[in-house]
Amino acid sequence: MATLAGSEVHYTKKIYFVSDAHLGTPNPAESRIREKLLVQWLDEIKNSAEEIYILGDLFDFWFEYDAVIPKGFSRILGKLAELTDSGISIHFFTGNHDLWMNNYFEDELQIAVYHEPVVKTIRGKLFYLAHGDGLGPGDYGHKFLKIIFRNPLCRWLFKWIHPDIGVPMAHYWSRRSRYVSAGGQIEPFQGEERERLICYSQKLLESRHYDFLVFGHRHLPLDISINQKSRFINLGDWITFYTYAEFDGQHFAIKHYSQPPR
């Protein structure tokens, strides 16, 4: 719903963006605390939300076998189903930790799933949306692994490993990530000229205008004006910062969620 006030359009509903909850890590007990907090936030915004964009790594590991999905996450999956059933559109971008999605979210939860960056006009503003892994200069080791993990043959081979073996293997690999191996410490801001996703965004803007370039992956909440008309946004995470973004059609802002779990 939208109303006109003078020459401006005022919307009664908002668009929300969130990423990098990494549910499942570091252990089920600690993950469940964060899961409950995320569900609590979703419950609080359900009356004001028109769309929700989840920009990757909601799970620390996700793999869909033909008839099996990973154990756990019943609270978040139930809440997402409730929201889509109520008419809220939810969009899910696979990250580097939950890239092995097939059609469970689409068939069971009515959530659109994207495996590549998306360019979309939202309320008259042009958005570039992506998780962010493998984008920008350098990081060739990660880009090579991404090619392997996305290879259909590798996915086919992995599904023949029994989940009791395959899932622990995947969690072991996840614990070797740079974020976890650094003890959960976020790499400090490196400056615009060294931040890969900012460099990537600057390159994109050489050939096309975007109002907002929104990413996850980096875990550090960032809101940086690249030029007078374009802003780079990194959504942060739900491990350290508990941040999300809100867009009302005129203003885009990163916000911190700090309510204690009920």
Approximate separation, where rounding is to 0.5 Å, of Asn234 CG and Ser201 OG: 9.5 Å
Between atom CD of Glu50 and atom CD1 of Ile52, what is the distance when rounded to the nearest 0.5 Å? 11.0 Å
Give the intermediate values and the outcome of salt bridge (charged side-chain N to carboxylate O under 4.0 Å, His left out) for residues Lys79 and Asp43. CA-CA 8 Å; Lys79 178 55 66 176; Asp43 193 58; 2.8 Å; yes
Quick one: do Leu38 and Leu58 satisfy side chain to side chain contact (heavy atoms under 4.5 Å, CB included)? Show the steps, please. CA-CA 10 Å; Leu38 186 58; Leu58 175 63; 3.7 Å; yes
Is it true that a side-chain atom of Asp98 and a backbone atom of Gly95 form a donor plus acceptor pair closer than 3.5 Å? yes
Does the ring centre of His219 sit less than 6.0 Å away from the ring centre of His22? yes
Minimum-distance pair of heavy atoms, taken over all atoms of Glu82 and Lys46: OE2-NZ, 3.4 Å
In this structure, are over 12 heavy atoms from other groups packed under 6.0 Å from Lys203 atom NZ? no
May I ask you to check whether Tyr16 and Phe247 place their ring centers less than 6.0 Å from one another? no
Reported CG-to-CG distance for the pair Leu213 and Leu205, which is rounded to 0.5 angstrom: 5.0 Å
N/O donor-acceptor pair under 3.5 Å between Asn227 side chain and Ser230 backbone: yes
Could you check Ile224 against Phe189 for side chain to side chain contact (heavy atoms under 4.5 Å, CB included), going step by step and ending with a plain yes or no? CA-CA 12 Å; Ile224 295 173; Phe189 182 63; 3.7 Å; yes
Could you state whether Val118 and Ile122 fall into the same hydrophobic cluster, counting links through intermediate Ile, Leu, Val, Met, Phe, Trp or Tyr residues with side-chain heavy atoms under 4.5 angstrom apart? yes
Should His256 and Tyr242 be marked as a side-chain hydrogen bond (donor to acceptor under 3.5 Å, both in side chains) after you check the CA-CA gap, both sets of side-chain angles, and the distance that decides it? CA-CA 6 Å; His256 295 255; Tyr242 298 89; over 6 Å; no
Applying a strict under-4.5 Å side-chain criterion to I, L, V, M, F, W and Y, I'd like to know whether Leu222 and Leu235 cluster together. no
Using the rule that two of Ile, Leu, Val, Met, Phe, Trp, Tyr join whenever any of their side-chain heavy atoms come within less than 4.5 Å, decide whether Ile88 and Phe92 are in one cluster. yes
Got more than 12 heavy atoms from elsewhere within 6.0 Å of NE2, His209? yes
Are Glu193 and Ile198 close enough, and set up right, to give a side chain to side chain contact (heavy atoms under 4.5 Å, CB included), and what steps lead you there? CA-CA 8 Å; Glu193 69 284 354; Ile198 294 179; over 6 Å; no
Would you say that Trp41 contacts Val18 through its side chain, given a criterion of any heavy-atom pair below 4.5 Å between the two side chains? yes
Using modelled atom types only, decide if a donor and an acceptor are shared between the side chain of Ser48 and the backbone of Ile45 within a distance under 3.5 Å. yes
Would you indicate whether the side-chain heavy atoms of Glu246 and His251 approach each other to under 4.5 Å? no
Side chain of Asp237, backbone of Ala21: donor and acceptor closer than 3.5 Å? no
Validate the cation-pi geometry between Arg123 and Tyr11: distance from NZ or CZ to the six-membered ring centre under 6.0 Å, angle to the ring axis within 45°. yes
Establish, yes or no, whether a centroid distance under 6.0 Å links the rings of Trp238 and Tyr257. yes
Leu109 and Ala81: which non-hydrogen atoms are nearest, and at how many Å? CD2-CB, 3.7 Å
Using a 4.5 Å cut-off on heavy atoms from C-beta on, say whether the side chain of Ile69 contacts that of Leu77. yes
Candidates Phe63, Tyr65, Phe59 - the one meeting ring-ring contact (aromatic ring centres under 6.0 Å, His included) with Trp100: Phe63
Gly216 and Ser19 have their tightest heavy-atom pair at CA-OG, 3.4 Å
Which distance, rounded to the nearest 0.5 Å, do you find between the CG of Asp85 and the CG of Leu83? 9.0 Å
Check: Gln110 main-chain N/O paired with Thr84 side-chain donor or acceptor under 3.5 Å: no
Quick one: does Thr25's side chain get under 4.5 Å of Arg34's, heavy atoms only? yes
Distance col, row Cys199:SG vs Leu135:CG, nearest 0.5 angstrom, shows 12.0 Å
Hey, would you say the His131 and Phe93 ring centroids sit under 6.0 Å apart? no
Indicate yes or no for a side-chain donor-acceptor contact from Glu51 to the backbone of Ala49 under 3.5 Å, with no hydrogens or angles considered. no
Any donor-acceptor pair under 3.5 Å linking the side chain of Arg196 with the backbone of Gly132? no
Side-chain heavy atoms under 4.5 angstrom apart, residues restricted to Ile, Leu, Val, Met, Phe, Trp, Tyr: same cluster for Ile54 and Leu37? yes
So do the side chains of Lys36 and Arg32 get within less than 4.5 Å of each other, counting heavy atoms only? yes
What heavy-atom pair brings Ile111 and Ile90 nearest, and what distance separates the two atoms? CG2-O, 3.4 Å
Without hydrogens or angle criteria, can the side chains of Asn27 and Glu30 be said to hold a donor-acceptor pair below 3.5 Å? yes
Could you tell me whether the side chains of His217 and Asn96 share a donor-acceptor contact shorter than 3.5 Å? yes
Candidate pair Leu126 and Lys120, rule side chain to side chain contact (heavy atoms under 4.5 Å, CB included), full reasoning: CA-CA 6 Å; Leu126 192 59; Lys120 186 175 183 180; over 6 Å; no
Would Phe127 and Tyr210 count as a close aromatic pair, with their ring centres under 6.0 Å? no
Salt bridge check, Arg231 against Asp223: does any charged N sit closer than 4.0 Å to a carboxylate O? yes
State yes or no: do Ile226 and Leu197 share one hydrophobic cluster built from I, L, V, M, F, W and Y residues joined by side-chain heavy-atom distances below 4.5 Å, directly or via other members? yes
Would you say that Asp60 contacts Leu23 through its side chain, given a criterion of any heavy-atom pair below 4.5 Å between the two side chains? no
Show the numbers, then the answer: is there a ring pair (Phe, Tyr, Trp, His ring centres under 6.0 Å) between Phe105 and Trp62? CA-CA 12 Å; Phe105 267 45; Trp62 182 272; 5.6 Å; yes
Please round to the nearest 0.5 Å and tell me the distance separating atom CD of Glu64 and atom CG of Asn102. 5.0 Å
Taking the six-membered ring for Trp, are Tyr128 and Phe215 parallel (under 30°), tilted (30 to 60°) or perpendicular (over 60°)? tilted
Just checking Tyr53 against Tyr244, ring centres under 6.0 Å apart? no
Are Phe232 and Phe212, when compared by the centres of their aromatic rings, separated by less than 6.0 Å? no
For the backbone of Lys125 and the side chain of Asp211, can you confirm whether one donor and one acceptor N or O come within less than 3.5 Å of each other? no
Are the side chains of Ile76 and Leu42 in contact, using a 4.5 Å heavy-atom criterion? yes
Do Leu55 and Val214 come within less than 4.5 Å of each other through their side chains, counting heavy atoms only? yes
